[in-house]
Structures are given as structure tokens and as C-alpha cells.
Number of protein chains: 2
Amino acid sequence: MGRADLANTSCPVSRVIERVGDPWVLMILREAFLGTRRFDDFQVQTGVSPHLLSQRLKQLCEDEILQRRAYNAHPPRYEYLLTDKGRDLWPVIIALRNWGQTWLGGETITLTHKACGARIDPVMTCPDCGTPLGARDVQADLSPEFKQERKTRREGKG
Amino acid sequence: MGRADLANTSCPVSRVIERVGDPWVLMILREAFLGTRRFDDFQVQTGVSPHLLSQRLKQLCEDEILQRRAYNAHPPRYEYLLTDKGRDLWPVIIALRNWGQTWLGGETITLTHKACGARIDPVMTCPDCGTPLGARDVQADLSPEFKQERKTRREGKG
DNA sequence: AATGCTAACTTCAGATTTTGAAGCGTGTCA
DNA sequence: TGACACGCTTCAAAATCTGAAGTTAGCATT
């Protein structure tokens, strides 16, 4: 199948994975949320090679997750900023952080809710009733197309 | 630096990325949350090559995200189940789903909160005051070690 | 006017990883 | 005896990644 084909499935999760499901992309996003904007800073803080960084930043700009902007005309200098679309990936990074701190321990990133001042670990909740949510509290139903696609794959294998 | 070194940083996010920040691992997790348990089903539904699937499943078992269990002794047959640790990655997959449905459109996975019956899109909220949270509502503070590590990297580049 | 410096990349060869197809081992069922 | 299912393993070719070095554009210093 190949990784690129993930974009063409009926699954909303795989279509996202094709775009951001890459270790370096996730590292770049982490950095962006920590406030990093410049090529060399991304490079130093993530440890990615400049070649790959260049590719990934291009991709992310094409996907409108980051935006490349000149912050200086002479000499030409650019920075990479999160777009609204990119900023909306925050829950993904936070979910990773939460899991890391729960299950891997070690150093921490402390989060403070600016509005109420509390130190928090953000939680997935039901927007309707406000209850915290886990895998077992929610039922997932696939769209007919996605269901059909899965059935076809199952049958096509033999 | 290389991807394996992500495990040895002071950043809780990169340590997680080293373990689950891979497209195929994320696809395997998606499948696991959809109820898939068997090797061949993972293979067919994710499109990963059997070689890689085998590697990734091994990794995931070592990391105790999945558990390999015999469901039949003769002939020997195995299945892969989410552990508690693995099930706790649910918010990551849901965060990806949410973003996909908001920004990429297309087919959907409908989620229903079993307890209250509502169709929902789970939301990251403040456990203290119950407010929905976005990137700008929260301040992140790094542990002293992590800060120091970043400073060292910055200085070491020249 | 030559040298050095910074930032943002690009290039390239060697190493590593991934893909895709094929095959294997164990055991059941007809 | 033969066909089939499942859970993998093997291997070579293709693709990707790493790390070091180089490039470009312009400012600043000697």
C-alpha cells in the first residue's frame, strides 16, 4: 500500500496520519507550540537533519498547518508560524504529553490554565454532559463508505 | 541525532513520539480501537507490509501498549489486545480524528457517549473549571532540566 | 575591499528502512 | 491426501534518511 495512500482512504484518522503522523512532523509541532519559529532553532531543538526539516516544513506549509513569512527583507529571513489549522492540532500534542507523563514519567511540562490559574492536565470530555471520557465510554460508528471499504479489503485478501 | 535518541531527552512529548510517533504505529492503534486483534486483519486494514507489522507489534508489546495472547493452542493462534496503558492512548487517536473531521472533511467516524446518548466530538477541557481548552488558554512551563537541555543545544550549535 | 558572520537553506553519498512478493510451519477439515 | 487458515519470516529492490559540507544573500568589522 505505501504510506502515501493513507490520504485516499475513507478513514478520517488515516488521512490525518498521512499529514502529521510522522515523528519529525510531530517534533516540529511540539517546537512550534513552544514558540519556536526559525529554521535553525527547529533544527537544533528537534535534532532533525536540515534536509528533512526543509522537506517537512514545505509539506506543512502546503497543508496550511504552518505559514512561511518573511520577518526581514534585507537580508531575506523567514519564520514559520502556526496557522489556525495548525494551532488546532494542540490537543494531539497535549494528548501525547499527558500519556508521556502518566506512563513514562521523567521530566515534565507543567500546564497552567490562564483563565482559572490552576495547574492542570487537560482531559477529553463529553461536550454535552461534561463527563471525562475514555475509550470505553464512547461508541464509534463508521460511515457507510468506510464500512464498505473495510469489507472490500477483507474480502480482497484471499 | 536520529530518531532513536528522542527517547533520551527531557521532553515528555519526544519520549512519547519515539514510541508512538510513527504512521504505522498510529494506524495499528486506530485499528486496535476499532476492535481489530489479529495479525492478518491489522495487515489488511492498515495496508502495512507483514514485515513491518511484525516489527511494530513486537515493539508495541515490549512497550506494553499491546499484549500478545494465545486465543487458541492447537494450532497456535495469537491476538493483540490493548493494555490499560495502550487504551490510555485513546485521546491521541480521538484528537487526530477531530482534527481530520474539522479540517479535512470527507467520511466520518461518529462518536456516541454511551452514558448520555449524545453524538459528540470529545473536547479537551480544564479538569478544574470545565472550560474547553485551546493552545492559547494554557501556559506551558518546562522542567529545569528540560530548559537546561534546550539552552545547551542552542549554545552548542555554533 | 577583504574577511567574517548570520540565517536559511541545498547538495550528495553512504547507511538505513521500507516495500512487496514469496515462502514456511503448524495444525484442522474434507 | 490435499486444500486451507493463520501467523508470521525471508529477501532483494526501492525509497528514505543522516550527517557533513557547501551555497546564497546581505550586514558588519577590520
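Proteins get letters first, then strands, A, B, ... in listed order; numbering begins at 1 in each.
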- prompt: For DNA chain D, whose closest nucleotide is more 5', that of L52(A) or that of H74(A)?
  reply: L52(A)

task: May I ask you to decide whether E79(B) forms a salt bridge with R38(B), counting only side-chain N to carboxylate O separations under 4.0 Å?
output: no

- prompt: Is E62(A) salt-bridged to K58(A), going by a charged N under 4.0 Å from an acidic O?
  reply: no

Side chain of [X] (C-beta onward), nearest among [options]:
{"X": "R38(B)", "options": "dT28(C), dG7(D), dT19(C)", "result": "dG7(D)"}
{"X": "F39(B)", "options": "dT9(D), dC27(D), dT18(D)", "result": "dT9(D)"}
{"X": "P76(B)", "options": "dT18(D), dG7(D), dT26(C)", "result": "dT26(C)"}
{"X": "P75(B)", "options": "dT19(C), dG7(D), dT26(C)", "result": "dT26(C)"}

Can you measure [X] atom [atom1] to [N] atom [atom2] for me and round it to whole angstrom units?
{"X": "Q43(A)", "N": "dC17(D)", "atom1": "CD", "atom2": "P", "value": "15 Å"}
{"X": "Y78(A)", "N": "dA25(D)", "atom1": "OH", "atom2": "P", "value": "11 Å"}
{"X": "I28(A)", "N": "dC17(D)", "atom1": "CD1", "atom2": "C1'", "value": "14 Å"}
{"X": "D41(B)", "N": "dA5(D)", "atom1": "CG", "atom2": "P", "value": "13 Å"}
{"X": "D40(A)", "N": "dA25(D)", "atom1": "CG", "atom2": "P", "value": "18 Å"}
{"X": "L53(B)", "N": "dT17(C)", "atom1": "CG", "atom2": "P", "value": "18 Å"}
{"X": "W24(A)", "N": "dC17(D)", "atom1": "CH2", "atom2": "P", "value": "11 Å"}
{"X": "R3(B)", "N": "dT16(C)", "atom1": "CZ", "atom2": "C1'", "value": "12 Å"}

Donor-acceptor pairs under 3.5 angstrom involving side-chain atoms of residues 108-123 of chain A: please list them, not counting sequence neighbours.
{"residue": "K114(A)", "atom": "NZ", "partner": "R136(B)", "partner atom": "O", "Å": "3.0"}
{"residue": "D121(A)", "atom": "OD1", "partner": "R97(A)", "partner atom": "NH2", "Å": "2.1"}

task: Can you check whether any acceptor in the base of dT6(C) is under 3.5 Å from a donor in the side chain of R77(A), or vice versa?
output: yes

query: What distance do L52(B) atom CG and T46(B) atom OG1 have between them, rounded to the nearest 0.5 Å?
result: 9.5 Å

CG-CE distance between L6(B) and M27(A), expressed to the nearest 0.5 angstrom: 5.0 Å

statement: Sequence neighbours excluded, the answer for side chain to side chain contact (heavy atoms under 4.5 Å, CB included) partners of D22(A) is R3(A), W24(A), V25(A), R56(A)

task: Using side chain to side chain contact (heavy atoms under 4.5 Å, CB included) as the criterion, list what pairs up with P50(B), not counting sequence neighbours.
output: F39(B), Q43(B)

Hey, can you pull the donor-acceptor pairs under 3.5 Å for the side chains in residues 85-93 of chain A, sequence neighbours left out?
{"residue": "K85(A)", "atom": "NZ", "partner": "D63(A)", "partner atom": "O", "Å": "2.8"}
{"residue": "R87(A)", "atom": "NH1", "partner": "D84(A)", "partner atom": "OD1", "Å": "3.0"}
{"residue": "R87(A)", "atom": "NH2", "partner": "L82(A)", "partner atom": "O", "Å": "3.2"}
{"residue": "D88(A)", "atom": "OD2", "partner": "W103(B)", "partner atom": "NE1", "Å": "2.7"}

E64(A) atom CD, neighbour heavy-atom count above 12 within 6.0 Å: no

Exercise: identify the closest heavy-atom pair between P12(A) and S10(A): CD-O, 3.5 Å

Using nucleotides 10-15 of chain D, report all nitrogen or oxygen pairs with the protein that are shorter than 3.5 Å.
none

query: So what does Y80(B) touch, heavy atoms closer than 4.0 Å: a base, only the sugar-phosphate, or nothing?
result: sugar-phosphate

field: Residues touching DNA chain C, which here means a heavy atom under 4.0 Å, drawn from residues 54-73 of chain B
entry: R56(B)

